[in-house]
Amino acid sequence: MAEAELSGAVALVTGASAGIGRYLAQGLAERGAAVAGIARSADRLEQAMAEVARSTGARTLAVPADVTDRAAVEAAVARITDQLGPVTLLINNAGSIDAAEVPLWETDPDHWWQVVESQVRGPYLVARAVLPGMIAAGGGRVIGLGSGLGTRGSDVYSAYSAGKTGQMRITEAIDLAGAAHGVRAFDLAPGVVDTEMTRAMAMHAGRTEWTRPEDVVALVVAIAAGELDQWSGRFMRAGADDLATLRTTTPSEGARQLRLRPYGDTDPVG
């Protein structure tokens, strides 16, 4: 299947100045979308978005903001809407990770909570600001950059794991409430892409095999084009999921969602 064209789409990518967010901004712009980027570092963000515009000819907009700051997020989304139009594709990519691989009782409480906020408060605030305009425009799609650590516990990444699990619940809430308004939401784990953040993680020391950024971009583009709407409210993983299989598969109830597993047929809670 030919790659989808996204002309007319307005994409908002958080954490767009580097890493996966930078790859996504580039890939979406190459397919015709207007792309707004949000990140805390103004200089690096403006440089990144200017490079995307020069190399693709797409309309871009750099809007420095901290996604955990409500006023900053609301002002950023208002500016994006005013200059580019209502957002039709939101990618919640920004987020931080535990500073050290240590058990929960050895973590710094302030840093631990900052990580959780970046993964939960940030996506919540951005989605809350974007969704009214998206609904008024007839609908759109929200993608949360997820992680396998959101589907299971971790001995040394407790904040990141808790935050990513919370983000999955946000995705499902958007899907359940937004479906009637033409809004769909997805969790997309990018695998292990070679970025500054993953290189800094001790668990990836010595790694030689990485998820290709183009595989992440391909899944995002397919979602944006409406090719995977049957997966709304569910989890996908770049580098493991085959795009052709996803296109032709309709998941059954509860598949790829966080659910309590009963201990047996007589489990009163399950």
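What you see below is based on every heavy atom in this structure, not just the backbone, and it leaves out hydrogens, waters and symmetry mates. Computed from a predicted structure; not experimentally measured.
- For residues 129-151, the pairs satisfying side-chain hydrogen bond (donor to acceptor under 3.5 Å, both in side chains) are R141-D229, with sequence neighbours left out.
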**Item:** D241 vs L243, side-chain contact (heavy atoms from CB on, under 4.5 Å): CA-CA, chis, key distance, verdict
**Value:** CA-CA 6 Å; D241 276 318; L243 184 50; over 6 Å; no
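- Side chain of H111 to main chain of A99: a donor-acceptor pair is present (N/O by atom type, distance under 3.5 Å, no hydrogens or angles).
- To the nearest 0.5 Å, the span separating CD on E214 from CG on L219 amounts to 12.0 Å.
- Using a 4.5 Å heavy-atom cutoff, the side chains of S96 and Q114 are not in contact.
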**Message:** Could you walk me through whether L61 and Q83 satisfy the side-chain contact (heavy atoms from CB on, under 4.5 Å) test, starting with their C-alpha distance in whole Å, then the side-chain angles of each, then the deciding distance to 0.1 Å, before giving a yes or no?
**Reply:** CA-CA 8 Å; L61 182 63; Q83 296 193 30; 3.4 Å; yes
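- The backbone N or O of P109 lies less than 3.5 Å from no partner atom in the side chain of T107, so there is not a single donor-acceptor pair.
- When all heavy atoms are compared, the tightest approach of V13 to G21 is CG1-O, 3.8 Å.
- Between E5 and R31 there is no salt bridge, since none of the side-chain N atoms of the basic residue sits less than 4.0 Å from a carboxylate O of the acidic one.
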**Prompt:** Can W231 and L246 be said to form a side-chain contact (heavy atoms from CB on, under 4.5 Å), step by step?
**Reply:** CA-CA 8 Å; W231 289 90; L246 291 176; 3.5 Å; yes
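- Within the 4.5 Å cutoff, side-chain heavy atoms of I91 are placed close to those of L28.
- S17 and S41 are not linked by any side-chain donor-acceptor pair at a separation below 3.5 angstrom, with hydrogens and angles left out of the test.
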**Request:** Before giving the answer on side-chain contact (heavy atoms from CB on, under 4.5 Å), spell out for S55 and Q26 the whole-Å C-alpha distance, their side-chain angles and the decisive distance to 0.1 Å.
**Result:** CA-CA 9 Å; S55 64; Q26 181 77 29; 3.0 Å; yes
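- L84 and L89 are members of different hydrophobic clusters when ILVMFWY side chains are connected at heavy-atom separations under 4.5 Å.
- In terms of heavy-atom proximity, A189 sits nearest to G148 at CB-N, 4.4 Å.
- Under the 4.5 Å side-chain criterion, counting only non-hydrogen atoms from C-beta, L228 is in contact with R247.
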All N/O donor-acceptor pairs, side-chain side in residues 74-81, below 3.5 Å, sequence neighbours left out:
unit_1 : atom_1 : unit_2 : atom_2 : d
E74    : OE2    : R70    : NE     : 2.9
E74    : OE2    : R128   : NH1    : 3.2
T81    : OG1    : V77    : O      : 2.9

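- Among the candidates D187, N92, V120, the single residue satisfying the side chain to side chain contact (heavy atoms under 4.5 Å, CB included) test with I170 is V120.
- Summarising the geometry of P64 relative to E46, their closest heavy-atom pair is CG-OE2, 4.3 Å, with the distance given to 0.1 Å.
- Between R152 and L149 the shortest side-chain heavy-atom distance falls below 4.5 Å.
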Can you list, pair by pair, the side-chain donor-acceptor contacts under 3.5 Å of residues 258-270, counting residues two or more places apart and other chains?
unit_1 : atom_1 : unit_2 : atom_2 : d
R259   : NH1    : E172   : OE1    : 3.4
R259   : NH1    : E172   : OE2    : 3.2
R259   : NH2    : E172   : OE2    : 2.7
R259   : NH2    : Q257   : OE1    : 3.0
D267   : OD1    : V269   : N      : 2.9
D267   : OD1    : G270   : N      : 3.2
D267   : OD2    : Y263   : N      : 2.9

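- Looking only at atom types and distance, the side chain of E101 has a donor-acceptor partner in the side chain of Y157 under 3.5 Å away.
- When the side chains of ILVMFWY residues are joined at heavy-atom separations under 4.5 Å, either directly or via intervening members, V35 and L188 end up in a single hydrophobic cluster.
- The closest side-chain donor-acceptor pair between N93 and T14, if any, does not fall under 3.5 angstrom.
- When the side chains of ILVMFWY residues are joined at heavy-atom separations under 4.5 Å, either directly or via intervening members, V217 and I143 end up in a single hydrophobic cluster.
- In this structure, the side chains of L176 and I174 stay at 4.5 Å or more apart for every pair of heavy atoms.
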